[in-house]
2 protein chains.
Amino acid sequence: MLSIKRKEAILEVIKKQDVVTIQQLIDAVGASESTIRRDLIELEKEEQLTRVHGGASLQKRRHDEPSMIEKTTRNKEEKQGIAMYAAKAVQPGSCIYLDAGSTTYEMIPYLADRDLLVVTNGIQHVQTLMEYGIETYIIGGKVKPQTGALVGTKAVESLRFYRFDYAFLGMNGVALDGYTTPDPEEANVKQTAMDNSATSFVLADHTKFDQVSFAYVQAVEQAIIITSPNTDQSKVKSLEKLTTIEVSS
Amino acid sequence: MLSIKRKEAILEVIKKQDVVTIQQLIDAVGASESTIRRDLIELEKEEQLTRVHGGASLQKRRHDEPSMIEKTTRNKEEKQGIAMYAAKAVQPGSCIYLDAGSTTYEMIPYLADRDLLVVTNGIQHVQTLMEYGIETYIIGGKVKPQTGALVGTKAVESLRFYRFDYAFLGMNGVALDGYTTPDPEEANVKQTAMDNSATSFVLADHTKFDQVSFAYVQAVEQAIIITSPNTDQSKVKSLEKLTTIEVSS
DNA sequence: GATTGACTGTGAATAGTTTTGATTATAAAC
DNA sequence: GTTTATAATCAAAACTATTCACAGTCAATC
């Protein structure tokens, strides 16, 4: 058996059970103890699992924390709930726009295997989208150093040539005044993405409500807001004439 | 059987199974072990598959963190020498195009602090460019899963709106026939980049000479070749009417 | 139109590496 | 201290690279 196949088999077993003994692997894979051991050492080096005395155990899901994004994300659970809900709104086979940012990033795992075409302006998103085997396009533009988002005239221009079934966007401010975000250049990009999308969703955790940031993006009614029950009800109320979806937890 | 047919057959088998042993290919294709091996070597060079001990597998979707690139890059030292030399050719304050690929990637450290504006089609390059504080633009387009390069119509279109002082490109084949590369879509992108650049440089280590790949990019005289002294002198000679720079080591 | 020689693609043989499983020594758990 | 797991070693097996020889192909030459 090819060593690469064997390793895949090992990972499969371990993913099912979380922990396995060497003996179980010997039986499952049909290789000698030495070989299994060597494979485990390599897999550990590749950070696919952790070896423990007597066998091996699953590492913390590496897909859930592929980069530094993970560690620095605040309100992660809340964002994940929102992201999961948002992803469910997508019909298989659609073309969607995925805005840069941590909340939209969380959607990626839920977008796999749905025959989607994803266009994004987030450099960070690309690698993860590829890992999940999703067909990915990226718009052009200037790379914003702090965030890895694509912004500027070039970004807006390249967006003009796409049309989306759905757009998913993060926002810093959600208020009656409209959606707002700190960077005017990013605001432009978000605006254009929304204009070119049949349906737009804004993903906003509770910290974003009643906030007004520097750059205006669009009026609130231009998108459906997806938020979590953590959000103060009175704040949601004030926007209630609009379509606001509250994720149940 | 014609070698092209054979390679197609090999790819077909491998696409079905993801991983194949040499023996399976011998049976499926009906050629000798030697021949299959040679085909696999070529197919690997064309980036259609990766060879593994005992057989071959579809290109692996590795996380292409820079560290990963470093480990997997062949002829790294040679490439670094070439890259350093190439970077020195750049006047401070210029706008340059940096093609996706491992050789051009090595240039990045030498491009820092020179007041440059870099446009690239390599997703991998972006993070490193940002780390070195280089002003970076990325062209739009479809993300090629195996390599993270941006290709396709959209990529070519977005390139039309840029003009460069210098373009630095990798190539799989450098021969009297011209520059060639396996993927036609990538060839298009390289072509356009060269067209929009005042001066183009092709970075080629010794393995690339006298090689002809599937897709034609440009005539040899359209770019200055930067190579290393490892390159067989007779091969360089045959191109000597053209500007070829040999990096001293 | 045959002959020659260079060139290419193929398969077989051989020399060189890597991988593997068995064995033995060392270390960790109880 | 006994048992069990891990690490280290080594020869056999499996795989790979290199070399060579053979058969076609092509072009130039006689």
Side-chain angles (χ1 to χ4, degrees), chain A residues 1-11 13-14 17-59, chain B residues 1-11 13-14 17-60 71-72 74-75 172-173 175-177 180 182 205-214 230 232 234-235 237-238:
Chain A
M1 186 186 239
L2 244 42
S3 87
I4 191 174
K5 270 274 171 206
R6 222 177 32 232
K7 288 196 202 168
E8 270 172 34
I10 291 175
L11 284 177
V13 174
I14 217 170
Q17 315 185 201
D18 265 34
V19 250
V20 280
T21 64
I22 297 264
Q23 190 55 53
Q24 284 175 312
L25 288 174
I26 294 172
D27 297 342
V29 179
S32 75
E33 189 181 324
S34 310
T35 303
I36 298 283
R37 285 207 134 73
R38 278 188 279 251
D39 285 346
L40 289 181
I41 290 171
E42 285 180 32
L43 286 167
E44 181 169 48
K45 217 178 326 189
E46 290 168 22
E47 302 187 341
Q48 309 262 17
L49 49 76
T50 345
R51 248 146 31 104
V52 296
H53 199 87
S57 90
L58 194 57
Q59 191 120 25
Chain B
M1 186 189 259
L2 232 46
S3 96
I4 297 238
K5 273 276 166 208
R6 223 175 33 231
K7 288 196 200 169
E8 270 172 30
I10 291 175
L11 285 177
V13 176
I14 214 171
Q17 314 187 203
D18 259 38
V19 202
V20 279
T21 64
I22 297 263
Q23 190 55 52
Q24 284 174 314
L25 288 174
I26 294 173
D27 297 342
V29 178
S32 75
E33 192 180 318
S34 309
T35 303
I36 299 282
R37 285 211 135 75
R38 278 188 277 252
D39 286 345
L40 290 181
I41 290 171
E42 286 180 32
L43 287 167
E44 181 172 48
K45 199 146 48 174
E46 292 168 21
E47 298 176 1
Q48 308 262 25
L49 49 77
T50 7
R51 253 150 22 108
V52 297
H53 197 93
S57 88
L58 272 187
Q59 207 85 24
K60 269 277 136 179
K71 277 170 214 144
T72 49
R74 268 194 270 267
N75 311 321
N172 278 65
L176 275 173
D177 296 9
T180 50
D205 62 53
H206 74 278
T207 64
K208 308 297 167 56
F209 279 77
D210 275 3
Q211 298 289 318
V212 178
S213 221
F214 178 60
N230 294 16
D232 185 342
S234 64
K235 292 179 181 173
K237 277 273 163 55
S238 70

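Every chain is numbered from 1 and lettered A, B, ... according to where its sequence line falls, protein lines coming before strand lines.
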| task | Could you walk me through whether A:Val29 and A:Asp39 pass the side-chain contact (heavy atoms from CB on, under 4.5 Å) test, one step at a time? | result | CA-CA 11 Å; A:Val29 179; A:Asp39 285 346; over 6 Å; no
| request: Determine, stepwise, if the pair B:Ile22 / B:Leu40 fulfils side-chain contact (heavy atoms from CB on, under 4.5 Å). | output: CA-CA 9 Å; B:Ile22 297 263; B:Leu40 290 181; 3.6 Å; yes
| message | B:Glu46 vs B:Asn172, test: side-chain contact (heavy atoms from CB on, under 4.5 Å). Steps then yes/no. | response | CA-CA 8 Å; B:Glu46 292 168 21; B:Asn172 278 65; over 6 Å; no
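Atom CG in B:Leu25 sits roughly 13 Å away from atom P in D:dC15 (whole-Å rounding). Here D:dA5 presents its P atom at 10 Å from CD1 of A:Ile26, a figure rounded to the nearest Å. As rounded to whole Å, 10 Å separates atom P of D:dA7 from atom CG of A:Leu40. The separation between B:Ile41 atom CD1 and D:dT19 atom P is 13 Å, rounded to whole Å. If you measure from atom CD of A:Gln23 to atom C1' of D:dA5, you get 12 Å, rounded to the nearest angstrom. Distance, A:Lys5 NZ to D:dC15 P: 16 Å, rounded to whole Å.
For D:dA17, the OP1/OP2 oxygens have a side-chain nitrogen or oxygen of B:Arg51 closer than 4.0 Å.
B:Ser57 places no side-chain N or O within 3.5 Å of a backbone atom of B:Val19 that could act as its donor or acceptor partner.
In this structure, A:Ile22 and B:Ile22 both approach DNA chain D, and ranking their closest nucleotides by distance from the 5' end singles out A:Ile22. Nucleotides of DNA chain C nearest to A:His53 and A:Leu2 differ in position, and the one nearer the 5' end is that of A:Leu2.
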What's touching nucleotides 11-14 of chain C from the protein side, N or O pairs under 3.5 Å?
residue, atom, partner, partner atom, Å
C:dG11, OP2, B:Ser32, N, 3.1
C:dG11, OP2, B:Ser32, OG, 2.9
C:dG11, OP2, B:Thr35, OG1, 2.2
C:dG11, O5', B:Ser32, OG, 3.4
C:dG11, N7, B:Arg38, NH2, 2.6
C:dG11, O6, B:Arg38, NH1, 3.4
C:dA12, N7, B:Ser34, OG, 3.1
C:dA12, N6, B:Ser34, OG, 3.4

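Of all non-hydrogen atoms in B:Ile26 and B:Ala31, the two that sit nearest each other are CG2-O, 3.4 Å.
Among the candidates B:Arg6, B:Lys7, B:Arg51, the single residue satisfying the salt bridge (Lys or Arg N to Asp or Glu O under 4.0 Å) test with B:Glu42 is B:Lys7.
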